[in-house]
Amino acid sequence: MPHIGGTSFNFCTKLLTEADVAIIGEAASAEAGLLLLREQTPDLLFLDVEMPLGSGFDLLDMLGTASFDIIFTTAHDRYALRAIKFCALDYLLKPVGVTELREAVAKAQRQNAPVAAQLHTFYDNLRERNGPAGKVVLPTMQGFEVVEVARVVRCQADDNYTLFVLEGKEKILVSRTLKEYEELFSDYGFIRIHQSHLINAAHVKRYIKGSGGYVQLTDDSIIEVSRRKKDELMKRFHT
């Protein structure tokens, strides 16, 4: 039974209790949350993005290091959601449903990347005010890898896993589905050209005509383009 701490947290207290989760404390502001976390050490913290007298990010700045998992909650702030997703931390969009709350708790229990590494990447991404986030945490069977998004050449579906191919033909097998990364990288120049392939447009070397055609990438791989994805690819390259 995980022990939970929360800031501005009433939205799920009853639901968590019903799920046999022990709640060890609640706080309604960043300052009160900091005091609570200096007294208590939860296994999992539900942290609101916006609170009175500061934000959840302010709390983390003041706290410094964390030895527990964190799930953010928010009703808005698109940039924060994108940054959170990029560092592999989960988030809940208010109003929170019972199913997604239980899934979030289960996901935190399966979390592979240590909190400190995730938060470091989170802050790196959050500081990129004028452009897309620069790094992503990739959970693997052995632990995790922190990778610059620009180095990702392509991603290939492998059942419930995704094979990342980076510059230099380095390969990383990640324990998440390709669909998750299609959504994650949608604003960063990646194109789903096939049911099994997501590519970085910045790494396309040439297009070869055919029914749907083929693309050759900078790792010298040649990937088939499905017929229904051909128009999207052509529009991306303005042809």
Side-chain angles (χ1 to χ4, degrees), residues 1-129 133 135-139 143-144 146 176 184:
M1 178 172 65
H3 293 81
I4 304 295
T7 57
S8 190
F9 174 71
N10 292 333
F11 73 95
C12 63
T13 301
K14 185 175 183 295
L15 297 178
L16 286 170
T17 301
E18 292 175 353
D20 196 31
V21 173
I23 301 170
I24 63 173
E26 301 177 51
S29 69
E31 182 178 358
L34 180 64
L35 293 175
L36 174 65
L37 292 172
R38 284 176 174 168
E39 295 176 355
Q40 302 281 354
T41 304
D43 299 317
L44 174 63
L45 173 70
F46 280 84
L47 182 62
D48 210 335
V49 172
E50 293 198 354
M51 297 179 290
L53 305 176
S55 68
F57 308 141
D58 295 328
L59 186 154
L60 293 175
D61 272 332
M62 292 185 291
L63 184 63
T65 59
S67 59
F68 43 79
D69 289 315
I70 298 171
I71 293 177
F72 285 86
T73 65
T74 182
H76 42 74
D77 200 337
R78 181 175 182 271
Y79 184 85
L81 296 184
R82 203 166 67 182
I84 291 165
K85 288 167 71 177
F86 251 87
C87 69
L89 293 171
D90 206 348
Y91 70 93
L92 297 176
L93 188 62
K94 298 177 184 178
V96 180
V98 178
T99 300
E100 60 183 326
L101 179 60
R102 289 175 177 169
E103 288 177 351
V105 172
K107 183 176 181 180
Q109 291 173 329
R110 299 191 303 266
Q111 190 68 270
N112 291 310
V115 171
Q118 292 185 36
L119 290 179
H120 178 76
T121 302
F122 171 79
Y123 284 121
D124 282 350
N125 290 335
L126 197 61
R127 291 188 185 103
E128 290 285 342
R129 297 291 185 182
K135 297 178 182 178
V136 61
V137 175
L138 302 179
F144 69 95
V146 180
R176 290 188 179 167
L184 188 63

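Predicted model only: the values in this text are computed from it and were never measured.
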Nearest atoms (heavy-atom pairs only) where Met62 meets Arg38 = O-NH2, 3.9 Å
ask   = So which heavy atom on Ala30 is nearest to which on Ser55, and how close?
value = CB-O, 3.8 Å
query = Ignoring hydrogens and geometry, is there a side-chain-to-backbone donor-acceptor pair from Asp61 to Asp58 under 3.5 Å?
reply = no
task = Please report the shortest heavy-atom distance between Ala27 and Ala32, naming the atom on each side.
result = CB-C, 3.6 Å
query = Which pair of non-hydrogen atoms, one from Pro52 and one from Ala28, has the smallest distance, and what is that distance?
reply = CD-O, 3.1 Å
query = Do the non-hydrogen side-chain atoms of Asp43 and Asp69 ever get within less than 4.5 Å of each other?
reply = no
message = Within the 4.5 Å heavy-atom criterion, are Phe46 and Leu101 side-chain neighbours or not?
response = yes
key: Heavy-atom side-chain proximity of Glu100 to Leu93 below 4.5 angstrom   = no
ask   = Atom CZ of Phe68 and atom CG of Leu63: how far apart are they, to the nearest 0.5 Å?
value = 5.0 Å
key: From CD (Gln40) to CG (Leu35), nearest 0.5 Å   = 12.0 Å
request  = Decide yes or no for Thr74 and Glu50: does some side-chain heavy atom of the first lie under 4.5 Å from some side-chain heavy atom of the second?
outcome  = no
task = With Ile71 as reference, evaluate Leu44, Leu47, Leu45 under the side chain to side chain contact (heavy atoms under 4.5 Å, CB included) test and give the passing residue.
result = Leu44
request  = Test Val49 against Tyr91 for side-chain contact (heavy atoms from CB on, under 4.5 Å), laying out the working first.
outcome  = CA-CA 10 Å; Val49 172; Tyr91 70 93; over 6 Å; no
query = At their closest point, which heavy atom of Glu26 faces which heavy atom of Leu36, and how far apart are they?
reply = N-CD2, 3.7 Å
query = Considering residues at least two apart in sequence or located in another chain, which fulfil the side chain to side chain contact (heavy atoms under 4.5 Å, CB included) criterion with Glu103?
reply = Thr99
